[in-house]
Amino acid sequence: MLCVFACARRFGESGVAKSAIRVSSVGGVETGYRIQVCRACTDPPCASVCPTGALLRRKGGGVMLRPNLCIGCGNCVDACPIGAVQWDIELNKPIICTHCGYCVDFCPHGVLELIDLKERGEIHVAPKA
Amino acid sequence: MWLPRHDPIKNVLYIDLTLKKFWVEDRSDLFEEYMGGTGVAIKLLEEEIPRNADPLGPDNVIVFAIGPFNGVYPAASKTVAMFKSPHTGNLGESHAGGRSSIAIRLAGYGAIVIKGTSSLPIWVSIRGKNVVFNDARALWGMRSSYTVGRIIRENEPNPGFRTIMRIGRAGEKLITYAGVITETYRHFGRLGLGAVFGSKKLKALVVSGRGSIPISNKREYRKIYKELYDTMVKSPVMKKYHDIGTPVNVLRLNEIGALPTKNLKATKFENADILSGENLAKGYLARRMACSHCPVACIHLAALREPYVDEPFFYKTTFVSYDYEPIFALGSMLGAKSVDGFLKLLDMIETYGLDAMSSGVVLAWITEAFERGLIGEKELLGEKPKWGDHETYMRIIDKLVEQPNDFYKAIGKGCAYASRIYGGEDFALTFGGNEMPGYHTGPAAPYSFMVGARHSHLDSAGYSLDEKTIGKELTEEEIVDKLLEEERWRQVLTSLVVCLFARGVYKPEIIVDAFKAFGLTVKVDDLYELGKKIHMEKYKFKIREGFDLDKYKFPKRIFETPTPHGYLSEEKLVKMKRIFKEKIINEIKPIS
């Protein structure tokens, strides 16, 4: 969970309430873990279902949140099948990954990677798994 | 002094199982003075438990406490549990990792106090500010603690942010060395917290939390965090825990002749190679895991592949978490012959929720008592234990949990108790009522098991002092002083609460720096003072509850088997005990 805490630290606090990345077990710790984080879709469903246009498509994939437009309906959370839109229970708004890569610096086991799309000529940014 | 501003850690959640009631109190006073973890837990225990309370009665209290570093800094992953131990009848303290400390911290509490006894089996879920009492009648009596964990997991919200502490059959049956399992592979193992849960009809405690922790100096925080993280990731000590893990000790201790073997009749084990960390890593290691917020990942899981008895090409694969101490207790101590046999026995211990260390030492005592004819097939109900025979050991564990006769009831209270009835005290390897850990390294180890406040090798790491001084002889005073200093310092670490495996990283100076992120200015001397004070508080509680060092004798066996420091001198150990008593106990007695 070092990545989860790293993400929260960007906001200058600790805990997990503000973290855009999440770790949980796949049906119990006996069977291993999964990481849920935005893969920067080029055609993101979360943006399509936002009724107020608060989620803006980003060049190269992913979205940006304009918090002043967000009414906290939660449609974006439901629209993301990989569960990568986290929810800020304190502000009642989504937490959107900005692909800054701060979490990658605190993954000691090389699970996470930040990839430059232009360099690689690829479409998606995905964790190496 | 130690309480960060606006930090929810000051909130203590009280749960009364008799009244099915809960409330929160602001205990800034305790966190200000005693920091958290061990320091706060001992004060809460002292407040809440009436003198001479029955450890298995409604008056006993369970305290879980975490500290300011949990959820803030890496490898601060442990939770301290305190209670009155049904195993020793005195102070019970046990620590575990998993997700426990993060969940408690992010649920917004610094400590949880559980009082009273439920009339029917329950499991309690703490979901942030809410506490829910669930009917656990359908789970009571279930054979496998793994299944209990699975069912609760499916019935509880907040995956990824919760800890599920539960007991197995051993806890329900009040075996005094039953433990509490958390996240399947971590344990509040020692001193019988599982039996205390069982006596309260508390099958499980679930805590989930996903809040935030305020940091007053954000820039300082990121800087110190990075420093700690980098040190940990690069540290060779931490790498040791990650690679082979704690079982790296098997070969090392065997080589120097310190690996307790066959009830400590020897300190060299002929099958050390087979049960070594290296061999396990090569042939059995399936996965490594970490406690929440720890970069080390010291948890090693072995894959145990068992064929179906009557069906070819069908296998059941179980993951069993192994460490050095279970390898000592259920391996060398019992003369194990194969990894499979060892893993099967360990898996069974986990299924029932027993403390692997005490269980192994009890089985070793049974084997020798049987060899010497102190007990026979009549007591054992037909079992004939012998070194290396894991199948017999597994049947004995089955019966231990069933408790079919007086003998099995007696060994359910540990080998100190059983040997008082059946004889064989000279080779009952207990210290202060608790079964020994896996080190026969020299004089400091058994002395530290005896005088350590929780009778654990982790109190002051006497074994480590022994290992560092092979070939040298320290005076009695030197050993007593060095270990007292170490035990006092460790009270600070377990009040923060950081994992003791990270003790090399959390040096006094860096702890002082880390407090700056909270906007708190503390000094190195303040830390040392705090450690001394907490250690005194623990001993004060022990004495209040009737602890008498003179009541406990060193088992004769430790003087009959050589260590890397040669044969131990009883005179020397007794003298060390006396010096300790003069330094600590006589200082406390008049004021308590």
Side-chain angles (χ1 to χ4, degrees), chain A residues 1-37 74 77 80 82-95 97 100-112 127 129, chain B residues 8 69-75 77 98-99 102 105-106 108 128 146 149-150 153-154 158-162 164 182-186 209-219 221-222 225-226 229 232-233 238 242 286-297 299 301 318-319 321 517:
Chain A
M1 281 177 75
L2 287 145
C3 51
V4 184
F5 281 95
C7 188
R9 235 172 13 260
R10 291 180 314 145
F11 301 94
E13 62 173 48
S14 193
V16 297
K18 299 281 186 280
S19 189
I21 183 167
R22 188 172 163 179
V23 181
S24 61
S25 70
V26 192
V29 294
E30 296 97 307
T31 43
Y33 293 94
R34 65 177 168 208
I35 289 176
Q36 288 168 294
V37 66
V77 175
C80 179
I82 60 173
V85 179
Q86 308 301 335
W87 198 253
D88 185 334
I89 45 173
E90 291 165 351
L91 296 176
N92 200 36
K93 285 184 199 300
I95 306 166
C97 173
C100 69
Y102 193 67
C103 53
V104 177
D105 296 340
F106 292 93
C107 177
H109 307 299
V111 178
L112 298 170
Chain B
F69 283 15
N70 296 105
V72 175
Y73 289 117
S77 53
R99 263 190 217 124
I102 304 297
R105 184 79 158 110
L106 300 183
Y146 292 103
R150 229 168 272 164
R153 189 163 61 234
E154 284 162 13
N158 303 321
F161 301 107
R162 65 192 179 189
I164 304 178
T182 188
E183 284 66 86
T184 311
Y185 302 118
R186 298 289 90 188
R210 45 188 307 182
S212 48
I213 303 161
I215 299 292
S216 73
N217 190 337
K218 298 171 183 6
R219 177 183 290 197
Y221 176 43
R222 287 196 203 100
Y225 189 105
K226 182 95 177 56
Y229 175 84
M232 275 173 209
V233 175
M238 300 298 265
H242 178 63
R287 213 169 60 230
R288 288 179 298 186
M289 283 171 34
C291 294
S292 287
H293 210 175
C294 178
V296 179
I299 307 169
L301 302 185
T318 317
F319 292 103
S321 140

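Throughout, a chain's letter reflects where its sequence line sits, starting with A, and its residues are numbered from 1. In this text the structure is predicted, and so the values were computed from the model without any measurement.
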Contacting moiety of [X], where chain A heavy atoms sit under 4.5 Å:
| X | value |
| --- | --- |
| B:Arg99 | side chain |
| B:Arg219 | neither |
| B:Tyr73 | neither |
| B:Cys294 | backbone |
| B:Ile102 | side chain |
| B:Val72 | both |

Inset, instruction - Please determine, by modelled atom types, if A:Ser14 and B:Tyr221 share a side-chain donor-acceptor pair under 3.5 angstrom. - result: yes

Inset, instruction - Taking B:Arg222 for its side chain and A:Arg9 for its backbone only, find out whether a donor-acceptor pair lies under 3.5 Å. - result: yes

Inset, instruction - Using modelled atom types only, decide if a donor and an acceptor are shared between the side chain of A:His109 and the backbone of B:Pro295 within a distance under 3.5 Å. - result: yes

I need the residue from [options] with the largest number of non-hydrogen atom pairs under 4.5 Å to chain A.
| options | result |
| --- | --- |
| B:Lys218, B:Met232, B:Arg150, B:Arg162 | B:Lys218 |
| B:Gly149, B:Ala290, B:Ser212 | B:Ser212 |
| B:Thr318, B:Val233, B:Leu301, B:Ile213 | B:Ile213 |
| B:Pro159, B:Ser321, B:Ala297, B:Ser292 | B:Pro159 |

Proximal component of [X], with respect to chain B [non-hydrogen, under 4.5 Å]:
| X | value |
| --- | --- |
| A:Thr31 | backbone |
| A:Arg10 | backbone |
| A:Phe106 | both |
| A:Val23 | backbone |
| A:Cys3 | neither |

Inset, instruction - Answer yes or no: is there a side-chain heavy-atom contact under 4.5 Å between B:Pro74 and A:Leu2? - result: yes

Inset, instruction - State, with a plain yes or no, whether a side-chain heavy atom of B:Met289 is found less than 4.5 Å away from one of A:Val29. - result: yes

Inset, instruction - Write down the atom of B:Arg287, the atom of A:Gly32, and the distance for their closest heavy-atom approach. - result: NH2-N, 3.3 Å

Inset, instruction - Would you name the heavy atoms of B:Gly160 and A:Ser24 that are closest together and state the gap between them? - result: CA-CB, 3.7 Å

Inset, instruction - Go through A:Glu30, A:Arg22, A:Lys18, A:Met1 and name the one with the most non-hydrogen pairs under 4.5 angstrom from chain B. - result: A:Glu30

Legend entry - B:Arg210/A:Glu90 salt bridge by N-O under 4.0 Å criterion: no

Legend entry - Ring centres under 6.0 angstrom apart (A:Phe5, B:Tyr225): no

